[in-house]
Amino acid sequence: MTTLATTGRVQVLGAPGDRHEEVLTPEALDFIGRLDAAFAARRFDLLTERRRRSALLRGGTPLDFSRATKPIRNDPDWQVARPAPGLTDRRVEITGPPERSMAVNALNSGAQVWMADFEDATSPTWENIVRGQLTLIDAIDRRIDFTTTSGKEYRLTDRPATIMVRPRGWHLTEKHLVIDDRPVAAALVDFGLYFFHCARRQIDAGSGPYFYLPKLENRYEARLWNDVFLLAQDLLDIPRGTIRATVLIETITAAFEMEEILYELREHSAGLNAGRWDYLFSLIKNFAHRPDFVLPDRATVTMTAPFMRAYTELLVRTCHKRGAHAIGGMAAQIPGKDPEARDAALAKVRLDKEREAEDGFDGSWVAHPGLVPVCRTVFDGVLGDRPHQLERTRDDVHITAEHLVAVRRTAGRPTPEGVRDNIAVALRYYDAWLRGQGAVALNGLMEDAATAEIARVQIWQWLKHRAVDRETLLGLLDEELASLGATYPWAQLDQVRDLFERTALGKELPAFFTTEAYARHLVGRPAVRA
C-alpha cells in the first residue's frame with residue numbers, strides 16, 4: 001500500500017483513484033476520526049464480550065430471554081419512532097452492492113427501498129468502498145446516468161427507490177484508514193462517509209439518512225449504534241431522530257433480545273428484518289460443537305422448519321407490538337430466460353412471499369429486479385391500499401427459548417450431493433470475493449457472503465461429528481477446485497484452497513471467513529475481474 005493522504009490523526013492508505021478526493025476530504029476524515037475517538041474502545045470491549053459469550057455457548061450455557069430486561073419487555077407503553085419520510089410503505093425492498101449499473105437498476109426497479117450493501121454483497125477492496133460512496137452521492141444528486149462502451153444506457157427514473165445503506169459489521173476493520181497505525185472500524189467508515197456527505201443531501205431531497213445494521217448480537221451493540229447516531233447528528237447539527245435504522249436479526253443471540261434492541265434504538269428505529277440466511281449461519285456456528293444440532297443439506301432447511309418459523313413469528317409480533325416495521329427475508333432467485341425454469345423460480349418466490357405476508361410482515365426483500373413484480377403482487381393482495389399491517393399485533397404468537405433452538409426436529413445427516421454442493425458454492429464464492437465481487441450468480445441464485453458462510457460452517461460441523469469423513473471431503477475438494485479452474489482459468493486456486501482449508505477444515509471454527517480473507521489476501525490489492 002502507498003500513503004494517499006494524512007489528515008489530523010487519520011491516515012489514508014492505498015492507491016489513489018478517480019474522484020477519490022471527493023469522498024476522502026479532510027473534513028470527512030476528521031468526522032470519522034471523531035467517531036473513532038468516541039467509540040473505538042467500546043467496540044473493542046463489545047467484541048471481547050462476543051468471544052466470551054461464544055465460549056460460554058460452546059461450554060453448554062443455554063440461551064434464554066434476559067431476566068434483567070424483563071421490565072422492558074413487559075412495559076406496554078413504549079413505542080419506536082413513527083416511520084420517516086420514504087419509509088412508510090416498504091412492501092418491496094431490493095438489495096445489492098453500490099455498483100453503478102446495479103444501483104440504477106435497483107433504484108428503477110419499482111421497489112420502495114433499495115438497500116446499498118457494503119457488507120455481505122460487497123468485496124471490500126479499497127476501490128469498491130470508495131467507488132460505492134461515489135455511487136451514492138451521484139445517485140442522490142441524480143448524476144448517476146451513464147452509457148456503457150457497448151451503447152447500453154442507464155438512466156434514473158423520476159421516482160427512484162428510497163436509499164438505505166448497510167455498513168459493514170462491528171467485527172470488521174478498514175485497513176486502508178488508520179489512526180496511530182490502528183485500522184478504523186469498517187462500520188464507522190461506511191456509516192461516517194455516507195452520513196457526512198449525504199445526510200444533508202437526503203434531507204433536502206425529502207428523505208433522510210437511513211441504514212440497515214448487520215450482525216448485531218445484543219442490545220449493547222444496538223446501544224453503541226444509537227450513541228454513534230446521536231454524536232453524528234450533533235456534530236453535523238442535524239436534529240436527533242433524523243437517522244433511521246432497521247436492524248437485521250441475523251444472529252441467534254439477537255433473536256433473544258429483539259425488544260431490547262428496538263428499545264435501545266427506539267428514537268432512530270425503522271424496525272427489524274429477518275436476515276434469515278445469516279441467522280441460519282449464526283445458529284450453526286454457535287452450536288456446531290453439539291451433535292444434536294447437526295443439520296442436513298442446507299437446501300432442505302427451509303423457512304417452514306420449526307425453529308425458523310419461531311424466529312420469524314416472534315420478529316413480527318415484537319415489531320408490531322412496538323409500532324415497528326417487520327421486513328421479511330431474501331428471495332435470491334434470478335429469473336432466467338428459459339420459460340419453464342423462470343416460472344418455477346417465480347412460483348417458489350410467490351409461495352415464500354405469501355407466507356411472509358400472511359404471517360404479518362410489512363414487506364420483504366428481493367435480490368433481482370425481475371422479482372419485484374411478484375413480491376409486490378403478493379403484498380398488494382394482503383395490504384391493499386394500506387402502507388403496512390402494523391395493526392396485526394400477532395397476540396396469538398407465544399415463543400419460548402426452547403422454540404428458538406428446537407433444531408432436533410430438523411436435524412439429520414448430509415447427502416453426498418449436499419456435501420459437494422457446499423464445497424462448490426464456497427469455492428466459487430471465495431474466488432469471486434477475492435477478485436472483488438461480492439454479489440455472485442451461482443446456480444440460478446444471486447448469492448452473497450451469507451451463502452458461503454453457511455456452506456463452510458456446515459462442512460466444519462459435518463467433519464467434527466463424522467457425518468462425512470475427511471478423506472472423502474478432501475477428494476471432493478480436489479475435484480471441485482479442478483472444476484473451478486477449468487471453468488474460470490483466471491481463478492486463484494491456491495488462495496481459494498488456502499482460505500477454504502483455514503475456514504472450513506481447521507481445528508477451530510473461525511467466526512467469519514471475511515475476516516480471514518481480508519487480512520490474508522485482500523488488503524492492498526486491486527480488484528482483479530475477469
Could you check Leu47 against Arg51 for side-chain contact (heavy atoms from CB on, under 4.5 Å), going step by step and ending with a plain yes or no?
CA-CA 7 Å; Leu47 293 179; Arg51 292 188 290 272; 4.1 Å; yes
Side-chain donor-acceptor pair present, Tyr429, Gln437, cut-off under 3.5 Å:
no
Whether His176 and Tyr518 hold their rings parallel, tilted or perpendicular, with breakpoints at 30° and 60°:
perpendicular
Under a 3.5 Å distance rule, please check whether Glu127 uses its side chain to pair with a backbone N or O of Gly17 as donor and acceptor.
no
Ser54 and Arg58: CA distance, side-chain angles, deciding distance, side-chain hydrogen bond (donor to acceptor under 3.5 Å, both in side chains) verdict
CA-CA 6 Å; Ser54 178; Arg58 290 196 303 273; 3.0 Å; yes
I'd like to check the ring pair (Phe, Tyr, Trp, His ring centres under 6.0 Å) partners of Phe31; sequence neighbours left out, ordered by chain and number.
Phe196
Counting only N and O atoms by type, is there a donor-acceptor contact under 3.5 Å from the side chain of Gln461 to the main-chain atoms of Phe293?
yes
Parallel under 30°, tilted from 30 to 60°, perpendicular over 60°: which one fits the rings of Phe287 and His289?
parallel
When rounded to the nearest 0.5 angstrom, what is the spacing between CZ in Arg34 and CG in Asp36?
13.0 Å
For the residue pair Val189 and Gln133, what are the closest heavy atoms and their distance?
O-NE2, 4.4 Å
Residues Thr415 and Asp297: side-chain donor-acceptor under 3.5 angstrom
yes
Quick one, Glu356 with Lys353, criterion salt bridge (Lys or Arg N to Asp or Glu O under 4.0 Å). Give me CA distance, side-chain angles, the key distance, then yes/no.
CA-CA 5 Å; Glu356 290 182 326; Lys353 299 312 172 189; 3.4 Å; yes
For Thr503, enumerate each residue passing the side-chain hydrogen bond (donor to acceptor under 3.5 Å, both in side chains) test, keeping only those at least two apart in sequence or located in another chain.
Tyr430
Results of salt bridge (charged side-chain N to carboxylate O under 4.0 Å, His left out) for Glu174 - residues two or more places apart only
Arg168
Looking just at side-chain N and O atoms, do Asn286 and Ser282 make a donor-acceptor pair shorter than 3.5 Å?
yes
Just wondering, more than 12 heavy atoms not from Arg466 lying within 6.0 Å of its CZ?
no
Point-to-point distance, once rounded to the nearest 0.5 Å, from CG of Leu404 to OG1 of Thr253
11.5 Å
For the ring pair His171 and Phe512, is the centre-to-centre distance below 6.0 Å?
yes
Testing Glu257, Glu217, Glu221 one by one against Arg53 for a salt bridge (Lys or Arg N to Asp or Glu O under 4.0 Å), which residue passes?
Glu257
Please give me the minimum heavy-atom distance between Leu188 and Ile32, naming the atom from each residue.
O-CG1, 4.2 Å
Could you check whether Phe281 and Trp277 have their ring centres less than 6.0 Å apart?
no
Do Pro214 and Asp120 have side-chain heavy atoms sitting under 4.5 Å apart?
no
Could you check if a side-chain atom of Leu280 sits within less than 4.5 angstrom of a side-chain atom of Phe307, using non-hydrogen atoms only?
yes
Compute whether any side-chain donor of one residue and acceptor of the other, for Thr95 and Glu93, lie under 3.5 angstrom apart.
no
Just by distance, do the side chain of Ser269 and the backbone of Gly271 share a donor-acceptor pair under 3.5 Å?
yes
Quick one: does any side-chain atom of His465 pair with a main-chain N or O of Ala467 as donor and acceptor, under 3.5 Å?
no
Separation between NZ (Lys215) and OG1 (Thr514), nearest 0.5 Å, reads 7.5 Å
If only atom types and distance count, is the side chain of Thr246 paired as donor or acceptor with the main-chain N or O of Tyr212 below 3.5 Å?
no
Gln458 versus Arg298: any side-chain heavy-atom pair under 4.5 Å?
yes
Do side-chain atoms of Tyr194 reach the backbone of Phe211 as a donor and acceptor pair under 3.5 angstrom?
no
Provide the closest heavy-atom pair for Asp190 versus Phe118 in the form atom of the first, atom of the second, distance.
OD2-CB, 3.6 Å
For residues Leu134 and Asp18, determine if any side-chain heavy atom of one lies less than 4.5 Å from a side-chain heavy atom of the other.
no
Donor-acceptor pair between Thr400 and Glu402 side chains, under 3.5 angstrom:
yes
List the steps and the verdict of side-chain contact (heavy atoms from CB on, under 4.5 Å) for Arg428 and Ser483.
CA-CA 10 Å; Arg428 281 155 176 75; Ser483 174; 3.0 Å; yes
With distance as the sole criterion, is a donor-acceptor pair present between the side chains of Ser123 and Thr125 under 3.5 Å?
no
Residue pair Glu259 / Thr318, side-chain donor-acceptor N/O under 3.5 Å
no
Check whether any side-chain heavy atom of Glu479 sits under 4.5 Å from a side-chain heavy atom of Arg420, and report yes or no.
yes
Between Leu231 and Ala38, which heavy-atom pair has the shortest distance, and what is it?
CD2-CB, 3.6 Å
Quick one: does any side-chain atom of Asp278 pair with a main-chain N or O of Thr251 as donor and acceptor, under 3.5 Å?
no
Listed partners of Asp180 passing side-chain hydrogen bond (donor to acceptor under 3.5 Å, both in side chains), at least two apart
Arg9
Under 3.5 Å, side chain of Asp431 to main-chain N/O of Gln492, donor-acceptor pair present?
yes
Do Leu29 and Leu177 touch side chain to side chain, with heavy atoms closer than 4.5 Å?
yes
Glu453/Phe513 under side-chain contact (heavy atoms from CB on, under 4.5 Å): CA gap, chis, key distance, verdict
CA-CA 7 Å; Glu453 292 286 27; Phe513 92 80; 3.4 Å; yes
Test side-chain hydrogen bond (donor to acceptor under 3.5 Å, both in side chains) applied to Asp478 - qualifying residues, sequence neighbours left out:
Arg497
Donor + acceptor pair across side chains of Arg456, Asn422 (<3.5 Å)
no
Whether the side chain of Thr312 engages the backbone of Arg309 through a donor-acceptor N/O pair (distance < 3.5 Å, no angle test) should be reported.
yes
Step by step, work out the salt bridge (Lys or Arg N to Asp or Glu O under 4.0 Å) result for Arg223 and Glu264.
CA-CA 5 Å; Arg223 184 182 301 170; Glu264 294 293 346; 2.8 Å; yes
Let me see the working for Asp138 and Thr135 under side-chain hydrogen bond (donor to acceptor under 3.5 Å, both in side chains), right down to the final yes or no.
CA-CA 5 Å; Asp138 287 348; Thr135 295; over 6 Å; no
So, does Trp462 use its side chain to make a donor-acceptor pair with the main chain of Leu295 at under 3.5 Å?
yes
Could you tell me if the ring centre of Trp225 sits under 6.0 Å from that of Phe191?
yes
Can you find a heavy atom in the side chain of Leu427 that is under 4.5 Å from one in the side chain of Phe500?
yes
Is any side-chain heavy atom of Leu509 closer than 4.5 Å to a side-chain heavy atom of Lys285?
yes
Which ring-ring contact (aromatic ring centres under 6.0 Å, His included) pairs, counting each pair once, include a residue from residues 41-66, with sequence neighbours left out?
Phe65-Phe256
For this output row, return yes or no: ring centroids of Phe195 and Phe229 closer than 6.0 angstrom.
no
